[in-house]
Amino acid sequence: AQKVTQAQTEISVVEKEDVTLDCVYETRDTTYYLFWYKQPPSGELVFLIRRNSFDEQNEISGRYSWNFQKSTSSFNFTITASQVVDSAVYFCALSEARAAGNKLTFGGGTRVLVKP
Amino acid sequence: KAGVTQTPRYLIKTRGQQVTLSCSPISGHRSVSWYQQTPGQGLQFLFEYFSETQRNKGNFPGRFSGRQFSNSRSEMNVSTLELGDSALYLCASSPGSPNEQFFGPGTRLTVL
């Protein structure tokens with residue numbers, strides 16, 4: 001069965017520090033998709049990135065970057081030069097192709113607190 | 001484009017009652033999924049509807065049901081409410097699969 005583990009429950013940093021969120025996944029499927037979502041205090045989940053299992057290229061989007069390593073089943077997320085607005089809960093999620101749909105399995109989430 | 005909307009935003013019910021939550025997806029999106037979020041269990045998948053058919057189902061009891069209409073709007077129903085059903089219920093829509101899902105603001109259900 002699929003599983004997503006986010007070992008860090010809470011991370012506290014001072015503004016402008018970098019923060020890396022870990023995500024480890026388990027799946028028997030050879031085709032799968034990995035996601036990161038942000039949940040600010042308002043509660044609405046905001047999509048950040050989708051990565052398929054055949055694309056191990058790292059990606060950078062502004063201050064956000066993602067490191068996908070199939071060898072270690074990890075899909076880590078780094079926020080560079082953090083800002084107070086980055087304070088939120090971040091979720092890593094997995095979708096298996098064999099489910100033939102959009103079923104997401106979420107990790108437990110990592111709460112990031114950026115202090116001014 | 002308007003985002004995913006959910007109504008009502010807040011709901012208070014008592015044990016044994018039933019409740020219906022509504023979700024309007026982004027225009028053009030045919031897939032609607034429902035998730036339950038609680039402090040103890042985290043985010044859990046309930047079910048997904050695509051073109052009025054249930055395509056996936058999570059591990060929830062039969063008290064949880066849903067449906068999708070021809071305009072892609074979806075409803076979720078919980079019968080015989082229990083205290084443990086208190087949660088934030090999130091709806092997400094997607095144009096197809098596998099695609100990123102866009103979430104609504106959620107309905108916070110409190111069962112007393």
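Fair warning: this is a prediction, and the values are worked out from it, not measured in the lab. Here is the naming used below: chain letters follow the sequence lines, and residue numbers restart at 1 for every chain.
Residue-environment remark: CZ (A/Phe54) exceeds the threshold of 12 foreign heavy atoms within 6.0 Å. For A/Arg63, the CZ atom sits in a packed shell: over 12 heavy atoms of surrounding residues, nucleotides or ligands are nearer than 6.0 Å. Within 6.0 Å of the CZ atom in B/Arg108, the count of heavy atoms belonging to other residues, nucleotides or ligands does not exceed 12. Enclosure of atom CG in B/Asn59 is not indicated, since only 12 or fewer non-hydrogen atoms of other residues, nucleotides or ligands lie within 6.0 angstrom. More than 12 heavy atoms of other shown residues, nucleotides or ligands fall within 6.0 angstrom of atom CZ in B/Arg63. Applying the 6.0 Å contact sphere to CD1 of A/Ile60 captures no more than 12 heavy atoms from other residues, nucleotides or ligands. Within 6.0 Å of NZ in A/Lys3 there are 12 or fewer heavy atoms belonging to other residues, nucleotides or ligands.
Aromatic pair B/Phe103/A/Tyr37: centroids less than 6.0 angstrom apart.
Expressed to the nearest 0.5 Å, how far CD of A/Glu44 lies from CG of B/Leu88 amounts to 10.5 Å. Once rounded to the nearest 0.5 Å, the distance linking CZ of A/Phe35 with CD of B/Glu100 reads 7.0 Å. Between the OG1 atom in A/Thr105 and the CG atom in B/Leu43 there is a gap of 11.0 Å [rounded to 0.5 Å].
In this structure, B/Tyr35 contributes its side chain and A/Leu104 its backbone to a donor-acceptor pair below 3.5 Å.
Only the side chain of B/Gln37 comes within contact range of chain A, with heavy atoms under 4.5 Å apart. Looking at A/Gln39, the atoms closer than 4.5 Å to chain B (heavy atoms on both sides) all sit in the side chain, from C-beta outward.
Between the side chains of A/Asn102 and B/Ser31, at least one donor-acceptor pair of N or O atoms lies under 3.5 Å.
Smallest separation of non-hydrogen atoms from B/Glu48 and A/Lys103: OE1-N, 4.4 Å.
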